[in-house]
Amino acid sequence: MGIEQLVFDVEKVRQEFPILNTKVRGNKRLVYFDNAATTQRPRRVIETVKEFYERYNSNVHRGAHWLSDLATKMYEDARKTVKEFLNARSEREIVFVRGTTEGINLIATSFSRGLLKEGDEIIVTEMEHHSNIVPWQLVAQQTGAKLKVIPINDRGELVLEKLKDLITERTKLISVVHVSNSLGTINPVKEIIELAHQAGIPVVVDGAQAVAHIPVDVQALDCDFYVFSGHKIYGPTGIGVVYGKEKWLDKMPPYQGGGDMIKEVTFEKTTYNELPYKFEAGTPNIAGAIGLAEALKWFKQFDINAVHEHENELVKYATELLKQIGGIRIIGEANNKTAVVSFIADGVHPHDIGTGLDMEGVAIRTGHHCTQPVMCHFGIMATARASFAIYNTKEEVEIFVSALKKVLKFFRQ
Ligand code: PLP
């Protein structure tokens, strides 16, 4: 790959995001470092959604008229775009959902109906987002299955050697986050999948924090399920994707019942629609799916390795500058990490850091980041988290660090 392909113009990219020009807190320049919570949308995505409502809005798969045919084609084209983005084998493997949370609930609920029974075991990790813990706890309660946990070390990496001990003949599924939202750790999911497959165990990958930062190819990973949210990759909220291998989706019963997911309904018996419609009950988020496809097309114009490299530079730079300030502890120092810097500061609560930074125009997130087991591991209640995206710059990192110094000085004096 030539060096030209690895370089992109951040300033040009920034111009595509109208919100980045917003002035906050008394005419201060906005520094948006809350990208792990949600990314901003480029103009192209905003325009696409607007245009859909202005010119094409109609329901899908009910093709009695011109507009409905058009909306259906756009919706199904969006599915094709997602299929290509993930390098899935077929569109039958792509199910539109509301987001990662709904996606994992879909898999957990559907998988538990028929494929889980009392005494079966599900393995997750200590660094999961609550949305990859609680759905499994719910199905475990209903079926009598048990949850087991791969621990993390103090750098915030998985202790992978433990996985071999955790796998038994009762293990029915492993669900693991690709990139941790509170630590930034990139997990060796390919290795986990290989190990799991040796024992015939399917693997779910939570890709919420991965798709916008590292290359994802579901065939190369050979994962059985992959889930992500549109709003974390420059697309709309309320739309997300479950990729599932056909062999599993075929075996799994529907998640929800309703319109579109059926072939034939009588009071005696209902037959279900083919994949992926079996899992898409009711009117979907049509504009959301079309907006997501536009976001993916927009994002694909950049070399993902260049994006990753750029964001790594920001992580390294921020980490280096933070370490120069006294009394700062970085939470999550994995060798392989991306896009996230979580930290705590002696004597100042993360929430005060967040509020203080906000007064300076810097938006970060504070709290447990829906990963309370991670907080528990480190013996803390919360962190302050700066998370980066394609449009962030080193200059913004400097603004953030100097604002932070000001905030710490205020609270420490
Ligand atoms: N998994 C991870 C790793 C996340 O970071 C998030 C959101 O922050 C989720 C799952 C849930 O995503 P959503 O709220 O879009 O459903």
Side-chain angles (χ1 to χ4, degrees), residues 32-41 45 82 95-109 124-138 149-150 152 156-158 174-189 192 203-214 216 223 225-243 255 284-285 288-289 291-292 295-296 311 331-332 334 336-342 363-375 377 382-389:
Y32 187 78
F33 281 177
D34 195 18
N35 296 288
T38 197
T39 54
Q40 299 300 346
R41 328 285 184 249
V45 170
V82 174
V95 179
F96 282 121
V97 287
R98 273 194 299 135
T100 307
T101 304
E102 188 178 49
I104 296 172
N105 275 279
L106 180 157
I107 299 166
T109 308
V124 295
T125 84
E126 199 180 355
M127 71 167 83
E128 296 311 315
H129 188 280
H130 296 163
S131 62
N132 200 21
I133 299 175
V134 186
W136 301 110
Q137 285 175 327
L138 289 170
V149 183
I150 308 172
I152 57 175
E157 296 163 325
L158 290 180
I174 298 175
S175 193
V176 56
V177 69
H178 201 169
V179 172
S180 157
N181 63 308
S182 53
L183 303 164
T185 311
I186 304 175
N187 285 319
V189 288
I192 294 171
V203 179
V204 179
V205 181
D206 169 355
Q209 299 293 344
V211 281
H213 306 289
I214 55 173
V216 173
C223 54
F225 301 93
Y226 199 95
V227 190
F228 73 95
S229 303
H231 70 101
K232 294 192 197 282
I233 183 163
Y234 312 104
T237 47
I239 188 74
V241 171
V242 169
Y243 156 83
Y255 168 51
N285 183 353
L292 170 61
L296 297 180
E311 291 168 347
I331 304 295
N336 199 12
K337 70 176 280 191
T338 185
V340 166
V341 179
S342 258
I364 61 153
R365 173 104 185 251
T366 63
H368 52 62
H369 316 293
C370 301
T371 56
Q372 281 186 328
V374 170
M375 300 300 122
H377 177 95
T383 74
R385 180 189 71 185
S387 52
F388 307 120

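Keep in mind that what you see is a predicted model, and the values were worked out from it rather than measured. One-based numbering, in listed order, for ligands and for the atoms of each.
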(request) May I ask you to check whether Y243 and F225 place their ring centers less than 6.0 Å from one another? (result) no
Distance from [atom] to nearest protein heavy atom, with residue and atom:
{"atom": "atom 5 (O) of ligand 1", "value": "Q209 NE2, 2.7 Å"}
{"atom": "atom 10 (C) of ligand 1", "value": "S131 OG, 3.1 Å"}
{"atom": "atom 4 (C) of ligand 1", "value": "H129 CD2, 3.3 Å"}
{"atom": "atom 8 (O) of ligand 1", "value": "K232 NZ, 2.7 Å"}
{"atom": "atom 1 (N) of ligand 1", "value": "D206 OD2, 2.5 Å"}

Nearest heavy-atom neighbours spanning [X] and [Y]:
{"X": "V189", "Y": "V205", "result": "CG1-CG1, 4.2 Å"}
{"X": "T185", "Y": "E157", "result": "CG2-CA, 4.2 Å"}
{"X": "S175", "Y": "N132", "result": "OG-OD1, 2.7 Å"}

(message) Would T101 count as being in polar contact with ligand 1, using the rule that some N or O on each side must be under 3.5 angstrom apart?
(response) yes
(request) With rounding to the nearest 0.5 Å, note down the distance linking CD1 in I133 to CD in Q372. (result) 9.0 Å
(request) Please round to the nearest 0.5 Å and tell me the distance separating atom CD of E311 and atom OG1 of T338. (result) 5.5 Å
(message) Test of understanding: given a 4.0 Å heavy-atom threshold, classify the contact between H231 and ligand 1 as side chain, backbone, both, or neither.
(response) side chain
(request) Answer with side chain, backbone, both or neither: which part of R98 has a heavy atom less than 4.0 angstrom from an atom of ligand 1? (result) neither
(message) H129 vs S131, test: side-chain hydrogen bond (donor to acceptor under 3.5 Å, both in side chains). Steps then yes/no.
(response) CA-CA 5 Å; H129 188 280; S131 62; 2.9 Å; yes
(request) Give the numbers and elements of all ligand 1 atoms closer than 4.0 Å to a heavy atom of S229. (result) 12 (O), 13 (P), 15 (O), 16 (O)
(request) Enumerate the atoms of ligand 1 whose separation from the nearest heavy atom of V177 is less than 4.0 angstrom. (result) 3 (C)
(request) Classify the ring geometry between H130 and H368 as parallel (under 30°), tilted (30 to 60°) or perpendicular (over 60°). (result) tilted
(request) Compare V97, I104, T100 and give the one whose heavy atom is closest to atom 12 (O) of ligand 1. (result) T100
